[in-house]
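I have placed the structure first, in the form of structure tokens, so that the comments after it can refer back to it.
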Amino acid sequence: MDGIVLIDGGCRFCRFSSKLLKRMVVGNLSIIPETAFTEFTLPEIDSIKWVVGTDVYVKSDAISRILAFSHWYFQPLRLVFLLPTRFLDKGYDWVAQNRLFWGKSAEDCAI
């Protein structure tokens, strides 16, 4: 599988999300902290990033592209990504802003 998933840090929510993505995807998914990526300058966006070559995808676009490599039984989730990107990114931002509710504690979050 080509590409690397970049996450913002080692907080509980990021670790949980990383483990979930690894279970969903067929093959080996490379997930590293964004701070460990040094190949080129990344956009200044607090988001999951999917790096393929020199292309960087963020927020819902990154998740949509990662799900393309998921097991067949997760493929129906891709139907959600038929919604407009603006709407999906607002949903992504809402989850990120409410990450304390989702199990991320403020002291171990890099953001």
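Quick caveat, the model's predicted, so the values are computed rather than measured. In this chain, numbering begins with 1 at the start of the sequence shown.
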| field | N/O donor-acceptor pair under 3.5 Å between Y73 side chain and M24 backbone | value | no
| message | For the backbone of L88 and the side chain of S60, can you confirm whether one donor and one acceptor N or O come within less than 3.5 Å of each other? | response | no
| query | Are any of the side-chain heavy atoms of E39 and V51 separated by less than 4.5 Å? | reply | no
| Can you find a pair of side-chain heavy atoms, one from S70 and one from V26, that are under 4.5 Å apart? | no
| message | If you count every heavy atom of other residues, nucleotides or ligands that lies below 6.0 Å from F87 atom CZ, does the total exceed 12? | response | no
When hydrophobic residues are tied together by side-chain contacts of less than 4.5 Å, even through go-betweens, does [X] share a cluster with [Y]?
| X | Y | answer |
| --- | --- | --- |
| L82 | L67 | no |
| Y57 | I45 | no |
| I32 | I66 | no |
| V80 | L20 | yes |
| L79 | F74 | no |

| remark: From the list I48, L42, V58, side-chain contact (heavy atoms from CB on, under 4.5 Å) with L6 holds only for L42
| field | From D61, V5, V56, residue fulfilling side-chain contact (heavy atoms from CB on, under 4.5 Å) relative to K49 | value | V56
Rounded at 0.5 Å granularity, tell me how far [atom1] in [X] sits from [atom2] in [Y].
| X | Y | atom1 | atom2 | value |
| --- | --- | --- | --- | --- |
| S18 | I7 | OG | CD1 | 3.5 Å |
| K90 | Q97 | NZ | CD | 10.0 Å |
| Q75 | F69 | CD | CZ | 10.5 Å |
| K22 | S30 | NZ | OG | 7.5 Å |

| request: Measure across W50 and A62 and return the closest heavy-atom pair with its distance rounded to 0.1 Å. | output: CB-CB, 3.8 Å
| request: Any chance you could lay out the side chain to side chain contact (heavy atoms under 4.5 Å, CB included) test for F81 and I63, step after step, and finish with the verdict? | output: CA-CA 9 Å; F81 293 92; I63 295 170; 3.6 Å; yes
